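These figures come from a predicted structure and were not determined experimentally.
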Amino acid sequence: MALKRIQRDQLRLGMYVHAFDGSWFDHPFWRRGFLIQRESELAAVHGSGIDTLLIDTSKGSDIPAAAGAGASRKRPAQAEAHDPRTEAATQVVNRSKEKVRELFDAARLGKAVESSAVLSVVAEVASEIEHNRRALLRVLRLKSKDEYTYLHSVAVCALMVNLAAQIGLDERTAAKLGTAGLLHDVGKVKIPDEVLNKPGRLTDEEYALAKTHSIEGYRLLVQVEGIPPVALDVCQHHHEKMDGTGYPHGLNGEEISLAARMGAICDVYDALTSNRPYKNAWTPLEAITRMRQWQGHFDPQLLFAFMLSVGLLPVGTVVELRRERLGIVIEGGRRATRPKVLAFYSTRRRRFTRTELTVAGDGRFGDAILAEVDPAKWGIAQERIDHFVRLGVPWV
């Protein structure tokens, strides 16, 4: 076996596809490995949502040397400049941003929020999540500081719909959660811009004022006909924490609704991965890693589901895989790829096994991750886990 990662547009007839990077629903094939023999197969890959893939040059053709050299210098942004999926997602984001701007400007002037306008944005975002998820989430991360207020709302809407799908909620419920995400920060129209966009640390008085946005948002939305109750809940409680140290009511644990717990995760993740007046954006993997370390802040099971929904897992995470195995994440996921997992332990035999490198997936493409696992419950010392992380396995 001689594996090589190439760009989608480098694929040619006669090459053997070993595996696709990215989620299984971004490409049109159910097979894991096959030879490209027909123009229709080639066209299907070129028109798909994947960016990169692995070919096996021992079973098919290789790329020309000149093409390989050129590909290594090609910047990802150039490759995506005219990608139809990216362009479609960008159009949805731009339309949604302008509608949210209009909604917030109207609310700032004391006008009622139009529920029909909200529902139209949520419907378009939900449709794009279903058909073009990865491109939409990627485009939403590329927001400037000036666009943050409006695009943050669109991003949280998208992340809520995406998380709802991950945990198996129906489309109607997902749409209501998307509405909650879109409107969760509407109360910020009542907060002075000099506080919201202050480049330095807020004073105690300014912070107290900023925290009122959750209650102010609730007061705005409770007057609007057609806004689902879950949106009122998320607007008011997306800053509550599992240990009771959040605001405005200091709720803890099960006192916080599922929707509000979802909203807390989606809100913080998008905030951390966005450029703000007072901080630069963290990478998605850095944000997830930090969030996972904040004990008592988020629902841990829901946070793990969110990590799976965005295809990011911190290195060192121990997970349960299909076929009664445990694995450890040795590469957390990055642009156009999924997390890489090293399977190392049989739960049925309760013993270490020959290691096997795999990619995280949903079972149809890649290895399904069932849950996060505490290795101590299987008698596995943390030192052994740290050894696997240090050792690592090259992904070729």
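The local environment of CD in E114 is sparse, with at most 12 non-hydrogen atoms from other residues, nucleotides or ligands closer than 6.0 Å. Around CD of E255, the count of heavy atoms belonging to other residues, nucleotides or ligands within 6.0 Å exceeds 12. Remark: E194 CD is packed, more than 12 non-hydrogen atoms of other residues, nucleotides or ligands lying under 6.0 Å away. The number of heavy-atom neighbours closer than 6.0 Å to CD of Q301, taken from other residues, nucleotides and ligands shown, is 12 or below.
Legend: salt bridge (charged side-chain N to carboxylate O under 4.0 Å, His left out) pairs involving residues 229-242, not counting sequence neighbours: none detected.
Residues K111 and E102 are not paired through a salt bridge, judged by the lack of any N-O separation under 4.0 Å between the basic side chain and the carboxylate.
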Verdict with supporting geometry, R292 and E372, salt bridge (Lys or Arg N to Asp or Glu O under 4.0 Å)
CA-CA 12 Å; R292 190 165 173 263; E372 185 174 7; 2.3 Å; yes
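Partners of A210 by side-chain contact (heavy atoms from CB on, under 4.5 Å), not counting sequence neighbours, listed by chain and number: V195, L202. Qualifying salt bridge (Lys or Arg N to Asp or Glu O under 4.0 Å) partners for R141, counting only residues two or more places apart in sequence or in other chains: none.
Among V92, L159, L136, the one residue that satisfies the side-chain contact (heavy atoms from CB on, under 4.5 Å) test with I129 is L136.
Because its NZ or CZ atom is both nearer than 6.0 Å to the ring centre of F352 and within 45° of the ring axis, R384 counts as a cation-pi partner of that residue.
When all heavy atoms of L53 and Q7 are compared, the closest pair comes out as CD2-O, 4.0 Å.
For H239 and H184, the ring centers sit 6.0 Å or farther from each other.
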